[in-house]
Undergrad: 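Take this structure first; my questions come after.
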Number of protein chains: 2
Amino acid sequence: MSSLSSAELRIPVVTAAAVREFARGGYHGTTIADVAAAARISPAYVFKLFPGKERLFVAALEDCFQQIVETLTIAAEEATGSGPDGILDAMGGAYAQLISDRSLLMLQVHAQSVADVPEIGQALRAGLASVVRLAKARSGASDEAVQRFIAYGQLCHLIVTTGVDDVTDDWAVLVARGIRHPA
Amino acid sequence: MSSLSSAELRIPVVTAAAVREFARGGYHGTTIADVAAAARISPAYVFKLFPGKERLFVAALEDCFQQIVETLTIAAEEATGSGPDGILDAMGGAYAQLISDRSLLMLQVHAQSVADVPEIGQALRAGLASVVRLAKARSGASDEAVQRFIAYGQLCHLIVTTGVDDVTDDWAVLVARGIRHPA
DNA sequence: CTGATCAGTGAGTGACCAATCACTCTATTG
DNA sequence: CAATAGAGTGATTGGTCACTCACTGATCAG
């Protein structure tokens, strides 16, 4: 069994830094230097670990969805026996908690905005596919309920990105009511 | 009554070009030169009409929401007497038709991605506020129904940005079912 | 005609950034 | 002790872009 080289060990560290930095600035608004600084390596070395900015972003996005899938899986297992809607509800709660630091949420929003880059769109669809299939399979809920689960997740993204949860006007309260949002 | 100067007449033309171009490339992915070329003026002249890129983007976003509000208003008026849910449904249909060229939809998605720029976030909240208030006031539907209207609108954005409507897998069909999407 | 105002542009400038390359340093191996 | 391979970086490069400035040409009042 070959042990991991030091470079291979750094890849997940850089990926995690990329998740944070791309979540902050988006694809075009984040530089390789930003990610390198967050990972405490030189910008040049980032290009030895990843072939380019695009692949680095894709790696971050894949990491993001992997965390989501893991979290939802655990939540579904813990809610076994609550019935389909109960399981979906538990998944929603776990998701709300997971994205409380906003990184995983913002990265998805930024990814949507550059989904016309083929590799990024593909990664986004793959991530969405895994989440939808997971929600359907683990909850056993109806297609309509799963679709609603996704729709209200997107509503949650809107609320967070626009900062609606800091507004107390009537319309804002209406939009955010009952949505579990970051503390 | 003073007639509009030729510069004032150009502003809406440039704004319309900005909507199209920013919708294509997003805030960071679109240059002033792109917008200028689409409006058939020189890049330098854009800066005589708008103080900077940020304000130009905000103007485009405001124009986007104004079109949405107008469209929804007309749809609501035409559906008078269909009951709250019928009016909301008519508004949803009108919205689906309006965004069939994707510009108004993509611009909103890109705006979400740069909503941490204060002026853009503010414009986004203002636009969202006007849409929510309009939907509530004209339909008279419950808060829950209006919230669902917004949530499924966001789901529609997700479907279009990720190109899910071109995928025929089970999960994709589930997500997009019943959502009126661009032709 | 004169001069002033406005529309509109070409040619920059300074800053920034993705990607590359040549290089150093360290550790291991024979 | 060489020799080699991998880790890691500094310096650079070629290109892009927001924004500026000095300028031209047109229009029009007096």
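Chain A is the first sequence line, chain B the second, and so forth, proteins listed ahead of strands; every chain is numbered from 1.
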Undergrad: Does the A:Arg125 side chain pair with the main chain of B:Thr162, one donor and one acceptor, at a distance under 3.5 Å?
TA: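 Between the backbone of B:Thr162 and the side chain of A:Arg125 there is a qualifying donor-acceptor contact (under 3.5 Å).
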
Undergrad: Within the structure shown, what part of the strands sits under 4.0 Å from B:Ala7 by heavy-atom distance: base, sugar-phosphate, or nothing?
TA: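 It contacts sugar-phosphate atoms only.
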
Undergrad: Between atom NZ in A:Lys48 and atom C1' in C:dC21, what is the gap in whole Å?
TA: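 Rounded to whole Å, this separation is 8 Å.
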
Undergrad: Starting the side chain at C-beta, find the nucleotide from D:dT20, C:dC17, D:dG10 nearest to A:Ala44.
TA: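 Of the options given, the side chain of A:Ala44 lies nearest D:dG10.
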
Undergrad: Please report, rounded to the nearest Å, how far the P atom of D:dA7 is from the CG atom of A:Leu49.
TA: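 Rounding to the nearest Å, CG of A:Leu49 and P of D:dA7 are 9 Å apart.
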
Undergrad: Send over the distance from B:Phe57 CZ to D:dC19 P, rounded to a whole Å.
TA: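 Distance, rounded to whole Å: 14 Å.
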
Undergrad: Which nucleotide in the list D:dA18, C:dT9, C:dA7 gets nearest to the side chain of B:Ser6?
TA: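 Among D:dA18, C:dT9, C:dA7, the one nearest the side chain of B:Ser6 is C:dA7.
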
Undergrad: Atom CZ of A:Arg10 and atom P of D:dA7: how far apart are they, to the nearest Å?
TA: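 In whole Å, D:dA7 P and A:Arg10 CZ are 10 Å from each other.
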
Undergrad: Select from A:Asp34 and A:Pro51 the residue whose nearest nucleotide in DNA chain C is closer to the 5' end of that strand.
TA: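 Going by which nucleotide is closer to the 5' end, it is A:Asp34.
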
Undergrad: Over how many whole Å does the gap from A:Phe47 atom CZ to D:dA11 atom P extend?
TA: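 Distance check: A:Phe47 CZ to D:dA11 P gives 18 Å.
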
Undergrad: Pick base, sugar-phosphate or nothing for B:Ser42, based on heavy-atom distances below 4.0 Å to the nucleic acid.
TA: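 If one applies the 4.0 Å heavy-atom cut-off, B:Ser42 turns out to touch a base.
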
Undergrad: Whole angstrom is fine here: how far is it from OH in B:Tyr45 over to C1' in D:dA26?
TA: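 Nearest whole value for this atom pair: 13 Å.
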
Undergrad: Between C:dT9, C:dC17, D:dC17, which one does the side chain of B:Thr31 approach most closely?
TA: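 Output: D:dC17.
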
Undergrad: Quick check against the 3.5 Å criterion: does A:Gln154 have a side-chain atom that pairs as donor or acceptor with the backbone of B:Leu155?
TA: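 Pair absent, no side-chain N/O of A:Gln154 close to backbone of B:Leu155.
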
Undergrad: Output a table of donor-acceptor pairs, distance under 3.5 Å, between side-chain atoms of residues 41-49 of chain A and any protein atom two or more places apart or on a different chain; print 'none' if there are none.
TA:
from    : atom 1 : to      : atom 2 : distance (Å)
A:Ser42 : OG     : A:Tyr45 : N      : 3.3

Undergrad: Can you find a side chain N or O atom of A:Arg40 that sits less than 4.0 Å from OP1 or OP2 on D:dG8?
TA: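 False: A:Arg40 side-chain N/O out of range (4.0 Å or more) of D:dG8 OP1/OP2.
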
Undergrad: When the distance from CD1 of A:Ile32 to C1' of D:dT16 is rounded to whole Å, what number comes out?
TA: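 Going from A:Ile32 (CD1) to D:dT16 (C1'), I get 16 Å.
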
Undergrad: Tell me: CG of A:Leu9 to P of D:dA7, nearest whole Å?
TA: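 It works out to 10 Å between those atoms.
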
Undergrad: Testing B:His110, B:His28, B:Gln112 one by one against A:Ser113 for a side-chain hydrogen bond (donor to acceptor under 3.5 Å, both in side chains), which residue passes?
TA: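 The single option meeting the side-chain hydrogen bond (donor to acceptor under 3.5 Å, both in side chains) with A:Ser113 is B:His110.
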
Undergrad: What residues, two or more places apart in sequence or in another chain, satisfy ring pair (Phe, Tyr, Trp, His ring centres under 6.0 Å) together with B:Phe22?
TA: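 Applying ring pair (Phe, Tyr, Trp, His ring centres under 6.0 Å) to B:Phe22 gives B:Phe57.
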
